[in-house]
Amino acid sequence: MDNIRLHGVAVYNPGLWSREELKAYFVARTELLDRIVADIKRQQADAPQHRLLLGLRGMGKSTLLRRIGIAVEEDAELGQLWLPLIFGGTDWIPSAI
């Protein structure tokens, strides 16, 4: 992973990053990621809690959410209970889930 280099528009759009690229470049908010994943593990599956993630444009909200999704998928326990879904911004249709 040391040689992963982003090119072109992918530099400015983490939605285009591969799973390996996202994991390699996600370095700034690892404590927050760990805290959120630990919170998800502590909550009961029959009573999930909502979380609200706020920030200005470009602050890394979508990148953090994608990284949480990867952490959930890679955790044996969480991967059995949760299915991370990725929507393309505001152009998704809830009935199509």
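These values consider heavy atoms only, across backbone and side chains, with no hydrogens, waters or symmetry-generated copies.
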Which side-chain N or O atoms in residues 27-38 pair as donor and acceptor under 3.5 Å with protein atoms at least two apart or in another chain?
from: Arg29; atom 1: NH1; to: Met59; atom 2: O; distance (Å): 2.7
from: Arg29; atom 1: NH2; to: Met59; atom 2: O; distance (Å): 3.2

With sequence neighbours left out, write down each residue that passes side chain to side chain donor-acceptor pair (under 3.5 Å) with Lys41, or none if nothing qualifies.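 Lys41 satisfies side chain to side chain donor-acceptor pair (under 3.5 Å) with Asp75 once adjacent residues are dropped.
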Please identify each residue that fulfils side chain to side chain donor-acceptor pair (under 3.5 Å) with Asp39, with sequence neighbours left out.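 With neighbours one apart ignored, the set is Arg42.
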Please, which pairs that meet salt bridge (Lys or Arg N to Asp or Glu O under 4.0 Å) have at least one residue in residues 47-67, sequence neighbours excluded?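 Of all non-adjacent pairs touching residues 47-67, none passes salt bridge (Lys or Arg N to Asp or Glu O under 4.0 Å).
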Results of salt bridge (charged side-chain N to carboxylate O under 4.0 Å, His left out) for Glu74 - residues two or more places apart only: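 Arg19, Lys23.
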Nearest heavy-atom neighbours spanning Gly69 and Pro84: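 The pair with the smallest heavy-atom distance is O-CG, 3.5 Å.
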Could you give the distance from CG (Leu83) to CG (Leu78), rounded to the nearest 0.5 Å?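 With rounding to 0.5 Å, CG (Leu83) is 12.5 Å from CG (Leu78).
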Out of curiosity, Phe26 CZ to Ile70 CD1, how far, rounded to the nearest 0.5 Å?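 Between Phe26 CZ and Ile70 CD1, I get 9.5 Å after rounding to 0.5 Å.
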